[in-house]
> 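Below is the structure I would like to discuss, written out as structure tokens.
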Amino acid sequence: MTLGCKPGVNESFDWQAERPPYNCRMQRSDGRAPDQIRPINFELNIAPHATGSVLVAMGNTRVICGVTIEEIVPRWMKDQGVTGGWLTAEYSMLPYSTTTRKPRDIAKGRLDGRSSEIQRLIGRSLRSVIDLEKLGPRTIWIDCDVLQADGGTRTAAITGASLAVTVACKKLLEEKKIVSSPMRKLIAAVSAGVVDGNAMVDLNYEEDKAAGVDFNLVATEDGEFVEIQGSGEEATFTQGQLEEMLALGHKGIRDLIAAQRNTIALLTVTAPT
């Protein structure tokens, strides 16, 4: 990638702006600008037995997100007298999703820490936009399986799961199992980071491996953040770089939400309002 990209002097970052307020001539190895997400594509109903399913492709990262709805709730909800429904998620990387074979968790006899952390993130993110009371006494299971990994698998999983749950809720409405959709808003997620001193959005594996700072951002379609994960990878970062990554991430999420909306409109599926 060609470097030399810095924010303008005395410029502030407006999270609602169309693009981060700086002029940047940096070009990445795949030709993208620092504020440009990878090509995004959604293929709905990829798994016919699921209530809702999406194959999401962000560049060379591909994840299948499938939703299954069970007419029961977890035992702990009954024991504690909690009303409404529940939503939970599972995440896994298929053995052939990476350049070297990744053993299945079942072969190791336990779920690895990374997978556990990611599936909890997916569950938290989707519960933030689901009205569990409207869902009623049933459980939404989201299964996210990585077919091909090239960076950003957790963010692609959240973005795809948002569509899969939207489709599943539409089917519940059509079957008259609920009177209104429990899906309050669309949600999306994107990575951001600092590579060689330059902030950029939606890192691929090559960029993620070289990043000195690594961020993951989850936000709703109206710009409210659900979760921000960030850390220096053997490096520190400034408040200015933090604001820059937030601005880049916010724009990336707006682009992803727009792509979700376009997919829903083309398939005449009513999105949450």
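Because the structure is predicted, anything quoted here is derived from the model rather than measured.
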> Between Thr61 and Gly151, is there a donor-acceptor pair closer than 3.5 Å when you use the side chain of the first and the backbone of the second?
yes
> Using distance alone, with no hydrogens and no angle criterion, decide if Glu90 and Trp141 have a side-chain donor and acceptor under 3.5 Å apart.
no
> If we ignore angles and hydrogens, is there a donor and acceptor under 3.5 Å between the side chains of Ser92 and Asp145?
yes
> In Å and rounded to the nearest 0.5 Å, what is the CE to CG distance from Met183 to Leu172?
12.5 Å
> Considering only heavy atoms from C-beta outward, does the side chain of Ile158 approach that of Ser125 to under 4.5 Å?
yes
> Within the 4.5 Å heavy-atom criterion, are Asn60 and Gln148 side-chain neighbours or not?
yes
> To the nearest 0.5 Å, what is the distance between CD1 (Ile122) and SG (Cys144)?
4.0 Å
> Within the side chain of Asp79, is there an N or O that forms a donor-acceptor pair under 3.5 Å with the backbone of Met77?
no
> With a 3.5 Å distance limit and no angle check, can you tell me whether Thr263 reaches the backbone of Ala259 through a side-chain donor-acceptor pair?
yes
> Indicate if Ile228 and Leu121 have the same hydrophobic cluster label, given that clusters are the connected sets of ILVMFWY residues with side-chain heavy-atom separations under 4.5 angstrom.
yes
> Has Arg114 got more than 12 heavy atoms of other residues, nucleotides or ligands less than 6.0 Å from its CZ?
yes
> Is the backbone N or O of Tyr205 less than 3.5 Å from a side-chain atom of Asp150, with the two atoms forming a donor-acceptor pair by type?
yes
> Any link between Ile46 and Val63 through a network of hydrophobic side chains (Ile, Leu, Val, Met, Phe, Trp, Tyr) touching at under 4.5 Å?
no
> Nearest 0.5 Å please: distance from the CG atom of Leu132 over to the OG1 atom of Thr139.
9.5 Å
> Could you pull out the closest heavy-atom pair between Ala164 and Cys65, with the gap in Å?
CB-O, 3.7 Å
> Locate the shortest heavy-atom distance separating Ile69 from Arg138; write the atom from each residue and the value.
CG2-CD, 3.8 Å
> Hey, any chance Phe42 and Val129 share a hydrophobic cluster, counting ILVMFWY side chains that come within less than 4.5 Å of each other, even indirectly?
yes
> I'd like to know if the side chain of Gln36 reaches the main chain of Ala33, judged simply by a donor and an acceptor atom lying under 3.5 Å from each other, with no hydrogens or angles considered.
yes
> Are Met93 and Ile64 connected in the hydrophobic side-chain network, where two residues link if heavy atoms are under 4.5 Å apart?
no
> With a 4.5 Å heavy-atom cut-off, do Cys169 and Leu173 have their side chains touching?
no
> Decide if atom CZ of Arg101 counts as having more than 12 heavy atoms of other residues, nucleotides or ligands within a radius under 6.0 Å.
yes
> Would the distance check show the side chain of Gln119 and the main-chain N or O of Tyr91 forming a donor-acceptor pair, the cut-off being under 3.5 Å?
yes
> Membership question, hydrophobic clusters at under 4.5 Å side-chain separation (ILVMFWY): are Leu87 and Val82 in the same one?
yes
> Are any of the side-chain heavy atoms of Ile142 and Val165 separated by less than 4.5 Å?
yes
> Please give me the minimum heavy-atom distance between Val213 and Thr236, naming the atom from each residue.
CG2-O, 4.1 Å
> Are Ile187 and Leu126 close enough that some pair of their side-chain heavy atoms sits under 4.5 Å apart?
yes
> Quick one: pull up CG in Leu163 and CD in Glu43 and give me the separation to the nearest 0.5 Å.
12.5 Å
> Is the Trp86-Trp76 ring centre distance short of 6.0 angstrom?
yes
> Do Ile253 and Thr220 make a side-chain contact, defined as non-hydrogen atoms from C-beta onward lying under 4.5 Å apart?
no
> Is the NZ atom of Lys171 crowded by more than 12 outside heavy atoms at less than 6.0 Å?
yes
> Checking side chain to side chain contact (heavy atoms under 4.5 Å, CB included) for the pair Glu227/Ser128: CA distance, chi angles, key distance, verdict?
CA-CA 10 Å; Glu227 187 150 345; Ser128 74; over 6 Å; no
> Under 3.5 Å, side chain of Thr153 to main-chain N/O of Ala149, donor-acceptor pair present?
no
> Apply the salt bridge (charged side-chain N to carboxylate O under 4.0 Å, His left out) test between Glu221 and each candidate in Arg261, Arg254, Arg184; give the one that qualifies.
Arg261
> Rounded to the nearest 0.5 Å, what separation is found between the CG atom of Leu55 and the CG atom of Leu147?
6.0 Å
> Take Lys170 and Ser181, measure what side chain to side chain contact (heavy atoms under 4.5 Å, CB included) needs, and give me the verdict at the end.
CA-CA 7 Å; Lys170 171 69 173 176; Ser181 176; over 6 Å; no
> From His49 NE2 over to Thr68 OG1, what is the distance, rounded to the nearest 0.5 angstrom?
11.0 Å
> Report yes if some heavy atom in the side chain of Glu117 is under 4.5 Å from a heavy atom in the side chain of Gln229; otherwise report no.
yes
> Determine, step by step, whether Val167 and Val67 satisfy the side chain to side chain contact (heavy atoms under 4.5 Å, CB included) criterion, reporting the C-alpha distance in whole Å, the side-chain angles of both residues, the deciding distance to 0.1 Å, and the verdict.
CA-CA 9 Å; Val167 172; Val67 170; over 6 Å; no
> Taking Glu207 for the side chain and Gly193 for the main chain, is one N or O donor matched with an acceptor at less than 3.5 Å?
no
> Would you please name every residue forming a side chain to side chain contact (heavy atoms under 4.5 Å, CB included) with Ser191, sequence neighbours left out?
Asp202, Leu203, Asn216
> Asp222 vs Lys185, test: salt bridge (charged side-chain N to carboxylate O under 4.0 Å, His left out). Steps then yes/no.
CA-CA 8 Å; Asp222 52 6; Lys185 304 173 185 177; 2.9 Å; yes
> The test is side chain to side chain contact (heavy atoms under 4.5 Å, CB included); show your working for Leu242 and Phe215 and say whether it passes.
CA-CA 9 Å; Leu242 170 61; Phe215 257 64; 3.3 Å; yes
> Heavy atoms only: give me the nearest Ile37-Arg32 pair and the separation to one decimal.
O-CD, 3.6 Å
> Can a donor-acceptor pair be found, under 3.5 Å and without considering hydrogens, that links the side chain of Gln241 to the backbone of Thr238?
yes
> Please tell me if the side chains of His250 and Val190 come closer than 4.5 Å, counting only heavy atoms from C-beta onward.
no
> Can you tell me if CD on Gln239 sees more than 12 non-hydrogen neighbours from other groups inside 6.0 Å?
no
> Taking Thr159 for the side chain and Ala188 for the main chain, is one N or O donor matched with an acceptor at less than 3.5 Å?
no
> Can you name the nearest heavy-atom pair linking Pro137 to Val73, along with the distance?
C-CG1, 3.6 Å
> Can you see which heavy atom on Ser29 is nearest to which on Asn204, and at what distance?
OG-ND2, 4.5 Å
> Just by distance, no angles: are the side chains of Thr83 and Glu133 close enough, under 3.5 Å, to form a donor-acceptor pair?
yes
